S.K.: 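I'd like to ask you about the structure that follows.
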Amino acid sequence: MSDATASGAAPQIAAAAQKVSVKDLFVAFLIIGATSFGGGAVAYLRSTLVAKTKWLDDKSFLELFSISQSLPGLNTTNMAILAGDRLCGWIGALAAVVGVILPGAILMTVAGVLYGMHHERPLVDAALKGVAAGATGLIFATFFQLAGKTMRGWWDLLFLAAAVLLVNRLHVSVLYALIALGIAATIIYRPGGAAERSRAQ
Amino acid sequence: MNQIPSLIAVFAYISLLTVGGGMAAYPEMQTLTVHVHNWLTDAQLVHFYSIGQMAPGPNMNMVAAVGEFVAGPLGALAVLLAFYAPTGLLTLGVGRLWTRLANWPWRDSIQHGLAPVALGLMLAGAITFGKTSLDFGKVAGELVQFNIIAAVIAAAMLALVLRTKINPALLILACGIVGAIAFRSP
């Protein structure tokens, strides 16, 4: 196991790795998992990992975050796994990801039970329609916030439009849309290509 | 009627599509859980996702509610493991490799390329979601009225999230109260 950790985790944080116990990691992520209401868990992660505990510096945090965005899986759980792995190896990754999921997962299981019992009541149904309309607004708000931060240039717009067209209009499976557009976009942004240079500016 | 093997297969597959967030996988989740397996209705899936926005932690913990609804507590556990374990292992493996590939030029190309694709898939998911959440189906004669109220709530939410710093989970809770009043049966 020490072999895997040594080859997998970045060497510069080896000193930090010794300070963080698996239990500390689990508790820290459990608290994030129980208190990060309303999305934006990244802000909670940053305040815990960088500001409060100083387990990661800002640069490592941003590096892990950019990796977590390019991989399948949710940003929050990917960050838990990457940060846990850096600090304590695979067992740290497991502790962190279980910690961050557990509170919400228990609550949502209970929500599933309550939903099964009460969703046919008219008042509950009416409230759920309001909640669903609100969630729609939240999803679009999140989209606009992310788009404002990451969209640069015509190629980005083209790939965004192509994804919507393939999934919503042509009813292509998300899997095929993801693979086809992911490969096409990677080629467009190939190293040394014109799109990559214009984006870097 | 044991649905657990199918639940595992569906949610393990869906988890691999959550590039850039859970919404990207929403259209596929709708196809598989509603139209292929008939576990729940379009509206019920929207309800679970929406309730999930009020829970702490990753917003896709709503999959636990779907698992519970379909197959009880064991269903919830199976779905959680299926949804988080495969991508978790992938992230662990690729994360280590990725760190060592810091100077590989294609790494930036993949990251730049995937960003707009992930965002487009998220928008596609949002549109699929909105088609259900803002349209309550065939409630004879009242369809249009319901649509307008839901759209107004959604627009107000959008503006409040973008313009204020009020916690979105609280705002969604407020939308529930507004909904309980606005959509109550006469």
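Numbered from 1 within each chain, the chains take letters A, B, ... in sequence-line order. Heavy-atom basis, side chains included; hydrogens, waters and symmetry copies ignored. As the structure is a computational prediction, the values presented were derived from the model and not from experiment.
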S.K.: Can you tell which of Gly104(A), Ala127(A), Gly112(A) has the highest number of heavy-atom pairs within less than 4.5 Å of chain B?
M.R.: Ala127(A)
S.K.: Quick check on Met23(B) against chain A: is it the side chain, the backbone, both or neither that has a heavy atom closer than 4.5 Å?
M.R.: side chain
S.K.: In plain terms, say whether Lys129(A) and Asp125(A) are close enough for a salt bridge, that is, a side-chain N and a carboxylate O under 4.0 Å apart.
M.R.: yes
S.K.: I'd like to know which of Val152(B), Val94(B), Ile181(B), Ile177(B) tops the heavy-atom pair count under 4.5 Å against chain A.
M.R.: Val94(B)
S.K.: What part of Val161(B) gets within 4.5 angstrom of chain A, counting heavy atoms only: side chain, backbone, both, or neither?
M.R.: both
S.K.: Which atoms of Ala155(B) come close to chain A, meaning under 4.5 Å heavy atom to heavy atom: side chain ones, backbone ones, both, or neither?
M.R.: neither
S.K.: Under 4.5 Å, counting heavy-atom pairs only, tell me which of Pro122(A), Ser173(A), Ala147(A) racks up the most with chain B.
M.R.: Ser173(A)
S.K.: Using only non-hydrogen atoms and a strict under-4.5 angstrom cutoff, which residues of residues 74-85 of chain B touch chain A?
M.R.: Ala76(B), Leu80(B), Phe83(B), Tyr84(B)
S.K.: Is Arg46(A) salt-bridged to Asp58(A), going by a charged N under 4.0 Å from an acidic O?
M.R.: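 Yes, Arg46(A) and Asp58(A) are salt-bridged.
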S.K.: Counting heavy-atom pairs closer than 4.5 Å to chain B, which one of Ile183(A), Val110(A), Leu157(A), Ile81(A) comes out on top?
M.R.: Ile81(A)
S.K.: For the CG atom of Asp108(B) and the CH2 atom of Trp106(B), what is their distance to the nearest 0.5 Å?
M.R.: 12.0 Å
S.K.: Which atom names give the shortest non-hydrogen contact between Asn61(B) and Ala105(A), and what distance separates them?
M.R.: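 Residues Asn61(B) and Ala105(A), closest heavy atoms: ND2-N, 3.5 Å.
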S.K.: Checking heavy atoms, do the side chain of Thr128(B), its backbone, both or neither come under 4.5 Å from chain A?
M.R.: both
S.K.: Non-hydrogen atoms of chain A under 4.5 Å away: do they reach the side chain of Ala24(B), the backbone, both or neither?
M.R.: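 Only the backbone of Ala24(B) comes within 4.5 Å of chain A.
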S.K.: Nearest 0.5 angstrom please: Leu82(A) CG to Trp98(B) CH2, how far?
M.R.: 12.0 Å
S.K.: Please round to the nearest 0.5 Å and tell me the distance separating atom CG of Leu30(A) and atom CD1 of Ile101(A).
M.R.: 11.5 Å
S.K.: Do Ser133(B) and Thr136(A) pair up side chain to side chain, a donor and an acceptor below 3.5 Å, judged on atom types alone?
M.R.: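 Looking only at side-chain atoms, Thr136(A) and Ser133(B) do form a donor-acceptor pair, the distance falling under 3.5 Å.
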